[in-house]
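Structure first, commentary second.
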Amino acid sequence: MTCCEGCTSCNGFTLLVLLLFGVVLNAIPLVVSLVEDYKSDQLLQNPISCFEWWFPGIIGAGVLAIPATTMSLSARKRACCNNRTGMFLSSLTSVLTVIGAVYCVMVSVQALYEGPIICNPEGNSIASCQFSLRNLSVIHPESLNLQWLFNDTCVASTSNNSMTNGNANDWTRPGLHFNSKENKHRTIHMVVFVGLLLVGVLEILCALSQLVIGFFGCLCGVSKRRSQIV
């Protein structure tokens, strides 16, 4: 086994694990929203944020990583594509993974910048979401202070009724936990998009390494298979 084949095998299994993590993380807020919609009998009225609907984990870190994952696993030692062509294709398909992972990172950073919909004064509805690629390019690092997370509450009080409500104390209780709808949404939003950010960064590193390894594997070739003794 050559060094390229060993690294290709490692990258393939790593990408597979990251791919699955990305899909699961992206699905968590979608499932939670559907459960809350089912309980309230209102469709798309309880989304955690706008950004899970961009499918950064399902499409970016998931679907676009499948070709490179498949080719990397196929090009490893004693696999069906363990040859120069397989190495070249594993390198070529890694470009798709880089594109998808960069998309996942961009959406995750924007999601952490904006916070969950419940912190949006325009209302807790997917109708307030603006799906535009221009939004992903407007990121100010100095403004990425996560105030929606560290403040005791991110929900503005709009009327006196909200203060006299019996659940008002739950909305202003600090900390990340599930004792109120606000804290539950903030916790899930933070965990999901920090996780997707890490998945995207790791996929970029794996894909870039496989792009180089596959190129050298195509140039240098792979180890010869041992002839079987009958």
- Quick one: OG on Ser108 to CG on Leu196, what's the gap to the nearest 0.5 Å? 4.5 Å
- Item | Under 4.5 Å side-chain linkage, directly or through intermediates, the cluster mates of Ile213 | none
- Message: Using the side chain to side chain contact (heavy atoms under 4.5 Å, CB included) definition, which of the options Val17, Thr14, Leu16 pairs with Thr69?
- Response: Leu16
- Mind telling me whether Phe193 and Phe51 have parallel, tilted or perpendicular rings, with 30° and 60° as the class edges? perpendicular
- Item | Minimum heavy-atom distance between Ser49 and Gly115, given as atom pair plus value | CB-O, 4.4 Å
- Task: Report whether Val201 and Val191 are members of the same hydrophobic cluster (ILVMFWY, side-chain heavy atoms less than 4.5 Å apart, transitive linking).
- Result: no
- Message: Are Val107 and Tyr103 packed together at the side-chain level, in the sense that at least one heavy-atom pair is separated by less than 4.5 angstrom?
- Response: yes
- Interatomic distance, Thr85 atom OG1 to Leu92 atom CG [nearest 0.5 angstrom]: 12.0 Å
- Could you tell me which non-hydrogen atom of Ala61 sits nearest to which non-hydrogen atom of Cys104, and how far apart they are? CB-SG, 4.1 Å
- All heavy atoms of Cys206 vs all of Leu15, minimum pair found to be CB-CD2, 3.8 Å
- Item | hydrophobic_cluster_shared for Val192 and Leu202, side chain cutoff 4.5 Å | yes
- Query: Do Phe55 and Leu64 sit in the same hydrophobic cluster, where Ile, Leu, Val, Met, Phe, Trp and Tyr count as joined when their side-chain heavy atoms come under 4.5 Å apart?
  - Reply: no
- Query: Hey, quick one: are Val212 and Val95 part of the same hydrophobic cluster, counting side-chain heavy atoms closer than 4.5 Å, chains of contacts allowed?
  - Reply: no
- Work out which heavy atom in Gln210 is nearest to a heavy atom in Ser72; give both atom names and the distance. CG-OG, 3.6 Å
- Mind checking the CE-CG spacing from Met190 to Asn183? Nearest 0.5 Å is all I need. 13.5 Å
Let me check something: any side-chain donor-acceptor pairs from residues 20-32 under 3.5 Å, sequence neighbours excluded? List them with distances.
residue	atom	partner	partner atom	Å
Asn26	OD1	Gly57	N	2.9
Asn26	OD1	Ile58	N	3.1
Asn26	ND2	Glu52	O	3.2

- Linked, directly or transitively: Val102 and Leu96 (ILVMFWY side chains, under 4.5 Å): no
- How about Glu203 and Thr97: does a side-chain donor come under 3.5 Å of a side-chain acceptor? no
- Measure the OG-CG distance between Ser90 and Leu211 for me, rounded to the nearest 0.5 Å. 8.5 Å
- Note on the structure: In this structure, CD1 of Ile117 is separated from NE2 of His185 (nearest 0.5 Å) by 9.5 Å
- Query: Judged by atom type as modelled, is there a donor-acceptor pair below 3.5 Å linking the side chain of Arg84 to the main-chain atoms of Gly217?
  - Reply: no
- Approximate separation, where rounding is to 0.5 Å, of Met87 CE and Ser74 OG: 11.0 Å
